[in-house]
Amino acid sequence: MSVQAIETQTPAEAALARSFAAMQDKGAAELRRAAWAAFSRKGLPNRRVEAWHYTDLRAALRVVAPLGDAPTQASPVLEKSRAVRLVVLDGFFRPDLSDLAALPDGVAAQSLRETLAGADADVLAALAPSGLGGDDAVVALNAALMQDGVVVRIAPGLHVARPLELAILTSGGPAHGACTRSLIVAGDGSKACVIERSKALAPSGAQENHALVFAVGSNCEIEHVARIAPQGDDAIRVYSLLLALAGNSDFKSFGLIEGGGLVRRQIFARFESEDSRVAFDGVSLLRARHHADITLFIDHASARCVSRERFRTILDGEATGVFQGKVVVRPGAQKTDGAMQSKALLLSEGAAMNSKPELEIFADDVVCGHGATCGRLDADQLFYLEARGLPRREAEGLLIEGFANEAIDNVSDEAAREEFSAALRAWLAARENNQ
Amino acid sequence: MLEIKNLHVSIGDRKILEGLSLSVKAGEVAAIMGPNGTGKSTLAYVLAGREGYEVTEGEALLDGENILGLEPHQRAARGLFLAFQYPVEIPGVATMTFLKAALNAQRRARGEGEAPTPDLMKRVRAAAKGLGVDSEILKRALNAGFSGGEKKRMEILQMALLAPRFAILDETDSGLDIDALRVVADGVNALRAKDRAFLVITHYQRLLNYIRPDTVHVMARGRIMRTGGPELALELEKNGYRDYVGEAA
């Protein structure tokens with residue numbers, strides 16, 4: 001079989017084609033081929049592609065790091081986790097590092113590789129839900145090149161008490177690549193908290209393309225919290241969250257981005273049936289020359305659904321933030337209730353924020369709104385706190401905390417909320433020490 | 001305790017205070033009354049250290065030290081407190097968190113070390129109860145979505161907790177109904193003490209029925225025009241400020 005070529009390929013795209021050639025027989029051949037074809041038609045996204053206008057991946061990705069075809073030998077000692085941890089290291093699921101024995105009855109976890117070998121049509125369909133992120137070149141590239149990942153199935157009706165943690169780790173070292181896709185299938189009536197923790201054990205340049213797919217049944221209550229830890233300045237990372245949500249369910253997701261190189265968190269969510277609710281929240285803490293992009297696409301394909309998005313971006317140094325949010329209300333999705341909000345706080349002259357909220361409404365009985373603000377710390381608020389005895393730096397810190405808390409407070413899992421608050425305070429302390 | 005001498009203040013090219021002098025002794029409650037736009041709030045802000053005002057001449061001594069060169073938090077640590085006319089909303093910061101931060105910042109500045117959190121919370125709750133402040137409000141973001149009355153009570157609660165040496169109340173009566181006014185006034189009266197002084201800025205005499213001043217100063221055109229006892233407030237209520245603004249041109 002020949003690998004379809006991209007017209008006017010860049011050297012990076014040619015290297016990706018070689019990666020695909022090596023990967024195309026690693027299970028799910030059809031899926032990979034179709035995904036590669038979709039990617040080939042577009043090539044690496046660049047500023048002429050509207051959804052990637054502010055994050056020119058083609059310009060950023062000059063040399064492609066190779067993808068390993070088997071797990072590395074790395075065997076790091078990991079800190080204890082309060083959650084049931086499933087570890088993906090350097091692109092591959094690592095049962096030896098995971099708490100498989102602690103999985104509760106009714107929760108099954110298997111590597112993506114094994115799952116693909118089984119070639120179950122339902123799983124393949126759930127793994128790459130049609131019409132969900134498929135137009136995005138990086139999501140397509142992820143499906144074409146996925147090395148491994150975890151597939152978790154939560155039995156219908158099960159309330160999982162301990163959070164499940166998906167740890168996506170890289171061991172570090174010069175320019176290495178990882179491309180993973182994981183799937184979480186939540187059976188009807190199930191309830192769970194999923195922690196996604198992405199971390200480089202030795203921060204350095206890395207190229208990572210991770211996708212996490214949620215297939216959530218009806219009457220579910222699922223919370224997802226993601227912490228994307230800092231990486232080296234030349235790292236390039238894209239995290240795609242794909243959500244297909246059945247009726248009468250609640251799904252919420254919070255993401256903390258702590259900067260490092262180029263990070264993009266993109267969310268594609270679709271209401272497959274009526275009466276469901278989603279909430280997407282996030283805080284990005286950026287300094288130096290960090291670039292972080294939050295892009296979301298919420299598809300109100302069914303009636304009487306509610307979506308809430310609250311993102312806070314805090315920028316210092318010469319960091320750049322991007323927020324793009326698109327809410328589409330399909331014909332017939334009556335009684336849709338959507339509210340999207342992005343707020344950015346600029347702490348320095350050199351920081352920049354790009355915001356582009358969009359609504360596309362094709363139904364006539366809906367309540368939808370969006371707001372995007374970008375500004376500096378408020379002088380009146382600062383003076384008020386100073387007049388109560390707080391030194392300037394402390395007053396600034398309290399205001400920045402308050403700004404971020406407006407999003408962090410939406411996290412239901414208390415320990416996660418405390419962890420995010422602590423990460424925020426550590427970020428602020430580092431800021432104070434630098435000045 | 002507070003001695004203001006020949007204070008001149010401008011914002012840009014505009015002169016707001018033009019040679020204001022005022023003296024308030026320990027234990028005294030001094031009221032400043034005056035028409036709108038005469039510089040009463042400017043005086044409050046300049047004493048508290050807000051940016052944007054230029055002091056071109058004069059000084060303000062708190063216990064003998066000129067405070068005009070100090071940062072706002074340093075003035076607070078020396079016992080200066082301003083109850084704001086328009087308390088500022090701070091979204092995302094729980095009222096209790098803020099109160100803890102403020103109390104501990106002042107303690108640190110005075111070399112006292114931070115207070116244990118449980119003691120501090122107990123003190124805050126007790127003070128809140130005394131002022132009829134619902135303890136649920138302490139969990140909410142500071143002043144965010146509070147009613148006018150709640151905001152003003154919160155100012156007095158902060159004053160009670162921070163126990164300043166010198167408190168400035170800037171139009172604390174504005175926007176208050178009669179019941180809230182009484183609660184606020186009771187809160188202030190409870191804090192009257194030999195070693196503490198108040199500067200009560202108001203447009204109307206009404207507040208002074210509840211907080212009885214020792215001295216009343218009439219301010220107009222950036223200066224103190226007249227000083228007297230409580231009876232001066234009643235006279236102003238009857239005649240208005242026309243005697244003082246008339247000499248303008």
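Source: prediction; values computed, not measured. A note on names: the letters A, B, ... follow the listed sequences, proteins ahead of strands, and every chain is numbered from 1.
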Between B:Ala26 and B:Ala197, the two heavy atoms sitting closest are CA-CB, 4.5 Å
CG of B:Leu68 to CG of B:Leu62, rounded to nearest 0.5 Å, is 10.5 Å
Donor-acceptor pairs, chain B vs chain A, cutoff 3.5 Å:
{"residue": "B:Arg50", "atom": "NH2", "partner": "A:Asp380", "partner atom": "OD1", "Å": "2.4"}
{"residue": "B:Glu51", "atom": "OE2", "partner": "A:Arg392", "partner atom": "NH2", "Å": "3.0"}
{"residue": "B:His73", "atom": "N", "partner": "A:Glu386", "partner atom": "O", "Å": "3.4"}
{"residue": "B:Leu82", "atom": "O", "partner": "A:Arg388", "partner atom": "NH1", "Å": "2.8"}
{"residue": "B:Leu82", "atom": "O", "partner": "A:Arg388", "partner atom": "NH2", "Å": "2.8"}
{"residue": "B:Glu89", "atom": "O", "partner": "A:Gln381", "partner atom": "NE2", "Å": "2.9"}
{"residue": "B:Gly92", "atom": "O", "partner": "A:Asn405", "partner atom": "ND2", "Å": "3.2"}
{"residue": "B:Gln106", "atom": "NE2", "partner": "A:Arg388", "partner atom": "O", "Å": "3.0"}
{"residue": "B:Arg108", "atom": "NH2", "partner": "A:Glu394", "partner atom": "OE1", "Å": "2.6"}
{"residue": "B:Arg108", "atom": "NH2", "partner": "A:Glu394", "partner atom": "OE2", "Å": "3.3"}
{"residue": "B:Glu155", "atom": "OE1", "partner": "A:Arg388", "partner atom": "NH2", "Å": "2.7"}
{"residue": "B:Glu155", "atom": "OE2", "partner": "A:Tyr384", "partner atom": "OH", "Å": "2.3"}
{"residue": "B:Gln158", "atom": "OE1", "partner": "A:Arg388", "partner atom": "NE", "Å": "2.4"}
{"residue": "B:Gln158", "atom": "NE2", "partner": "A:Tyr384", "partner atom": "OH", "Å": "3.1"}

The interface call for B:Ala109 against chain A, heavy-atom contacts under 4.5 Å, is neither
In terms of heavy-atom contacts, B:Thr56 and B:Ser10 come closest through CG2-OG, 4.1 Å
In this structure, CZ of A:Phe403 is separated from CG of A:Leu398 (nearest 0.5 Å) by 14.0 Å
In this structure, CG of B:Leu20 is separated from CG of B:Leu7 (nearest 0.5 Å) by 6.0 Å
Cut-off 4.5 Å, heavy atoms of chain A, and the answer for B:Ala144 is neither
Shortest non-hydrogen pair, A:Ile195 vs A:Pro163, comes out as CD1-CB, 3.8 Å
Cut-off 4.5 Å, heavy atoms of chain A, and the answer for B:Pro164 is neither
When rounded to the nearest 0.5 Å, the distance separating CZ of B:Arg192 from CD1 of B:Ile211 is 8.0 Å
If one checks every heavy atom of B:Ala77 against chain A at 4.5 Å, the contacting part turns out to be neither
Value for CG (A:Leu390) from CG (A:Leu382), rounded to nearest 0.5 Å, stands at 10.0 Å
In this structure, CD1 of A:Ile294 is separated from CD1 of A:Ile267 (nearest 0.5 Å) by 6.5 Å
If one checks every heavy atom of B:Leu103 against chain A at 4.5 Å, the contacting part turns out to be neither
When the 4.5 angstrom heavy-atom criterion is applied to B:Leu162 and chain A, the contacting part is side chain
